[in-house]
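Any value given below was found using the heavy atoms of this structure, including those in side chains, with hydrogens, waters and symmetry copies removed. The first residue in the sequence is number 1, and the count goes up from there. Whatever order the structure lists them in is the order used to number ligands and atoms, beginning at 1.
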Amino acid sequence: MCLVVVVVYSLTLLLPLGQASLPLVINTWPFKDATGAAWGALQSGGSVLDAVEKGCARCEADQCDGSVGYGGSPDENGETTLDAMIMNGDTMEVGAVADLRRIKNAVGVARAVMERTTHTMLVGESASLFAENMGFTAEDLTTNKSLNIFSEWLKGNCQPNYRKNVFPDPSAHCGPYKPRATVRDKQMRRHANVNSHDTIGMIAIDQAGHVAAGTSTNGLTHKVPGRVGDSPIAGAGAYADSSVGGAAATGDGDVMMRFLPSYLAVEQMRAGADPSTACKTAISRIKRHYADFFGAIICANTTGHYGAACNKVAGFSTFFYMVSNPETDKPALLSVDCF
Ligand code: ASP
């Protein structure tokens with residue numbers, strides 16, 4: 001993430017916390033073209049759902065920092081798979097896809113799940129088949145870059161990985177793995193670090209207070225095939241309720257999804273908390289159990305106020321996010337100090 005932050009930081013004016021105003025687009029990380037795409041959708045008369053879909057789709061097409069869309073985060077088999085969701089805060093409908101293969105536009109498929117089925121989430125091969133039937137193009141998501149990440153990992157004895165209580169010893173060897181006879185509860189295997197992932201999480205709120213939120217990611221590099229993170233889970237990756245506002249999260253999804261931080265933040269705002277305080281409460285809840293988890297969250301309410309919070313860990317003391325509203329004449333890069 002760091003390199004991207006430095007480059008974008010130098011290209012974009014870093015503003016102090018701006019004034020509340022509607023409409024509003026806010027998203028995780030310095031993915032400013034995604035913010036611009038979402039803002040453009042609102043300006044041309046699109047709905048908040050159009051804005052979130054267009055914004056996240058822009059990141060999928062651009063691959064943002066390699067952590068969204070095709071050609072990033074190869075799993076243990078070298079394959080890139082995608083997780084995404086979109087939520088309509090007026091109707092509380094959600095569309096989500098997880099472990100999606102061979103389709104680049106994951107957030108588009110998520111929206112199709114919401115609008116063309118009565119389900120909430122489709123996964124794996126069946127989600128890809130659904131996408132093809134809905135007119136999305138099937139193509140290989142592998143690139144030279146993702147192949148290279150994968151072959152370097154194989155050469156390095158498959159380090160790091162996310163296995164535990166298996167043999168051969170996963171801290172030194174590749175699989176295939178078998179379960180070890182004894183399960184050592186205390187065995188601490190690594191959780192995701194700061195560099196192996198990111199997600200675009202986005203909230204859009206229009207003048208009338210309609211709220212939508214969504215996410216898109218290719219998950220964790222070297223994940224176990226089939227792994228689904230927090231990003232496509234309503235209440236974890238994102239949440240929207242047009243009577244309150246929205247929230248979206250990024251970070252170690254295996255830990256974060258256990259706490260539904262986006263739902264918690266929205267409920268805090270419903271109870272009267274301002275967005276920054278609501279975001280902090282969601283992070284604090286996770287910290288209580290996983291002091292060193294990597295993660296951040298953005299929050300916004302229907303009056304156009306917004307905020308963010310993150311957990312301070314080695315290598316991650318500031319979280320960057322983007323905002324567009326009538327006060328910013330172009331997408332503005334903001335930051336928050338982690339605590
Ligand atoms: N939350 C994502 C996941 O765990 C990754 C990230 O946002 O950094 O799949």
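- For a heavy-atom separation below 4.0 Å, the residues in contact with ligand 1 are His197, Asp198, Thr199, Gly219, Arg227, Asp230, Ser231, Thr250, Gly251, Gly253.
- Under a 3.5 Å cut-off, the side chain of Asp274 and the backbone N or O of Ser276 do form a donor-acceptor pair.
- Phe259 has its ring centre less than 6.0 Å from the ring centre of His289.
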Please report, to 0.1 Å, the donor-acceptor pairs under 3.5 Å made by any side chain of residues 229-240, with sequence neighbours excluded.
| residue | atom | partner | partner atom | Å |
| --- | --- | --- | --- | --- |
| Ser231 | OG | Thr199 | OG1 | 3.3 |

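- Note: Tyr321 and Phe319 have parallel aromatic rings, judged against thresholds of 30 and 60 degrees for the angle between ring planes.
- Every residue two or more places apart in sequence or in another chain was checked for a salt bridge (Lys or Arg N to Asp or Glu O under 4.0 Å) with Lys178, and none qualifies.
- In this view, Asp75 satisfies the salt bridge (Lys or Arg N to Asp or Glu O under 4.0 Å) rule with no residue, not counting sequence neighbours.
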